[in-house]
Amino acid sequence: MEFLLAFALTALVATGGWIAWAAVRGWSRLRDRRHELRLAQARSAAEIRRAELAAQMREIELANETYEDFVRRHPER
């Protein structure tokens, strides 16, 4: 029984560094994935906002062209 306990303790000590390294590595990968996900969400929101602003600008330009066309066709007003 003492031999098994000593063997288990020795195995734990010998592999403890690898276990700790794997735990730290897993934690940092999880943290990096969460960070990348947040960045992707922010980029997506910015791209959507940029597209909305571009659509609004197109609407404004179209309204301006329509007004200028009306003024050109009806100079008396």
Side-chain angles (χ1 to χ4, degrees):
M1 185 67 168
E2 289 178 15
F3 174 75
L4 290 176
L5 183 59
F7 183 75
L9 183 61
T10 303
L12 183 62
V13 169
T15 60
W18 289 106
I19 292 170
W21 176 80
V24 169
R25 180 94 170 150
W27 176 257
S28 71
R29 282 186 178 178
L30 178 66
R31 188 184 59 215
D32 290 346
R33 277 191 222 120
R34 283 187 297 179
H35 180 67
E36 289 174 7
L37 179 62
R38 280 191 225 113
L39 285 176
Q41 289 171 341
R43 283 188 200 113
S44 176
E47 189 64 31
I48 290 170
R49 182 67 179 139
R50 197 173 300 125
E52 289 172 349
L53 291 174
Q56 288 176 355
M57 286 299 297
R58 283 192 300 271
E59 289 176 11
I60 291 169
E61 290 170 355
L62 180 61
N64 189 34
E65 289 175 12
T66 304
Y67 171 75
E68 288 176 359
D69 184 52
F70 177 81
V71 169
R72 236 187 348 260
R73 290 176 188 225
H74 306 282
E76 67 277 355
R77 292 186 182 192

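- Note that the CZ atom of Arg72 and the CD atom of Glu65 stand 9.0 Å from one another [nearest 0.5 Å].
- Each salt bridge (charged side-chain N to carboxylate O under 4.0 Å, His left out) pair with one or both residues in residues 15-34, not counting sequence neighbours, would appear here, but there are none.
- Atoms CE and CG, on Met57 and Asn64 in that order, are 10.0 Å from each other to the nearest 0.5 Å.
- Checking side-chain atoms of Thr66 against main-chain N and O of Leu62 turns up a donor-acceptor pair under 3.5 Å.
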| Glu61 and Arg58: salt bridge (charged side-chain N to carboxylate O under 4.0 Å, His left out), yes or no, with the steps? | CA-CA 5 Å; Glu61 290 170 355; Arg58 283 192 300 271; over 6 Å; no

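- For Arg73, the salt bridge (charged side-chain N to carboxylate O under 4.0 Å, His left out) partners at least two apart in sequence or on another chain are Asp69.
- Between Phe3 and Phe7, the two ring planes are parallel [angle under 30°; tilted spans 30° to 60°].
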